[in-house]
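What follows is a short report on a single structure.
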Amino acid sequence: MHQTRAKLKSTFLKYDIDSSGELSVAELSTALKDLGNPVTDQDLHTVLRKVDKDGSKRVNFEEFCLLFDEASLRNVYNEFDADHSGGITVAELRSALDKLDVHLSMKQAEDLLTTVDASRDGQVSFEEFQKFFDTVPMADLRSVSQKWLQLSGVDFGSDLSVPVPPSHMPLWRFVLAGGLGGVCSRTVTAPLERVRIEAQVGGSVTGVLASMRRIVGGSEHGLRALMAGNGANCVRVFPHAGIACLTYATLVRQLP
């Protein structure tokens with residue numbers, strides 16, 4: 001903890017540009033980024049509310065240190081170390097990430113564990129855990145997991161690359177989601193599709209808006225003319241998109 005405090009002190013002084021003994025909101029954001037924890041404006045103000053006791057919107061060194069409480073980090077470690085054996089295993093890592101709807105294969109989880117497992121004994125001790133995550137502000141399961149995933153070079157979540165479907169999720173939900181996604185996409189782009197067909201059939205290009213006005217003005221159905229044929233397209237695209245989504249969900253579960 002002494003090394004952590006020294007690191008925090010160095011960072012604090014580095015960004016306390018005017019030597020006032022306090023960091024402004026902008027300086028706090030830069031300091032957290034320097035510690036490897038870039039935060040959004042919303043997260044920054046959430047953090048500020050928890051430690052800025054006097055409401056000055058400035059943070060002194062003691063308040064800054066409150067962001068990196070060892071007890072909070074220990075609680076997060078215990079969330080990972082479900083059996084309280086003193087070591088986080090690959091299975092426990094996968095289980096903890098499952099709670100955040102981040103689903104990794106065994107190989108991915110093993111690679112992820114290795115980034116923190118300095119002793120290479122197949123599990124992560126608290127000392128190893130603390131070394132990597134002691135500068136995560138207001139540490140909780142989500143923030144530590146995000147930092148861990150970033151260390152591995154994998155972008156997850158908002159920050160998530162293509163997710164592995166939860167093993168407990170029935171496949172019919174992927175068919176439904178894919179089908180409805182296809183229908184929504186087709187419906188939103190239906191006016192443009194109508195303009196495209198009009199241009200191909202008519203052989204003239206007058207601009208999208210001009211074509212839309214001509215289609216609407218030349219039909220007794222008004223704006224509905226832009227959606228002509230969309231019902232049939234939706235009937236066609238639903239199974240197509242649903243099957244594509246189902247195939248993806250099935251393959252991504254089976255492949256390593």
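Just so it is clear, the values below take in all heavy atoms, side chains as well, and ignore hydrogens, waters and symmetry mates.
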Indicate yes or no: at least one non-hydrogen side-chain atom of [X] is less than 4.5 angstrom from one of [Y].
X	Y	result
N233	F238	no
L176	W172	yes
L97	L112	yes
V136	L73	no
E128	S119	yes
W148	L113	yes
T187	C234	yes
V175	I243	no

Quiz item: Is K99 atom NZ crowded by more than 12 heavy atoms from other residues, nucleotides or ligands, each under 6.0 Å away?
Solution: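 Above 12, so yes.
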Exercise. Verify side chain to side chain contact (heavy atoms under 4.5 Å, CB included) between F129 and D81, making sure each step is shown before the conclusion.
Key: CA-CA 11 Å; F129 187 82; D81 182 21; over 6 Å; no
I'd like to know if the side chain of [X] reaches the main chain of [Y], judged simply by a donor and an acceptor atom lying under 3.5 Å from each other, with no hydrogens or angles considered.
X	Y	value
D16	L23	no
Y15	A26	no
R186	N230	no
N75	E79	no

According to a 4.5 Å side-chain heavy-atom criterion applied to Ile, Leu, Val, Met, Phe, Trp and Tyr, with indirect links allowed, do [X] and [Y] form part of one hydrophobic cluster?
X	Y	result
Y248	V183	no
M106	L93	yes
L149	Y77	yes

Would you compute the distance between atom [atom1] of [X] and atom [atom2] of [Y] and round it to the nearest 0.5 angstrom?
X	Y	atom1	atom2	value
E22	L28	CD	CG	12.0 Å
E27	S20	CD	OG	6.5 Å
E110	R94	CD	CZ	9.0 Å
S85	Q123	OG	CD	6.0 Å
N78	I88	CG	CD1	9.0 Å
S145	F80	OG	CZ	3.5 Å

Over all atoms of both residues, closest heavy-atom pair of [X] and [Y]:
X	Y	result
A190	M227	CB-CE, 3.8 Å
A139	V144	CB-CG2, 4.0 Å
R58	S24	NH1-CB, 3.6 Å
C245	G178	CB-CA, 3.7 Å

Quiz item: Does the pair D111/K107 count as a salt bridge with the N-to-O cut at 4.0 Å?
Solution: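 K107 and D111: salt-bridged.
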Practice problem: Mark yes or no: K147 above the aromatic ring of F133, with NZ or CZ under 6.0 Å from the six-membered ring centre and no more than 45 degrees from the axis. | Solution: no
Quiz item: Do S143 and D140 get their side chains close enough for a donor-acceptor pair, meaning under 3.5 Å?
Solution: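 Result is yes, a qualifying pair exists.
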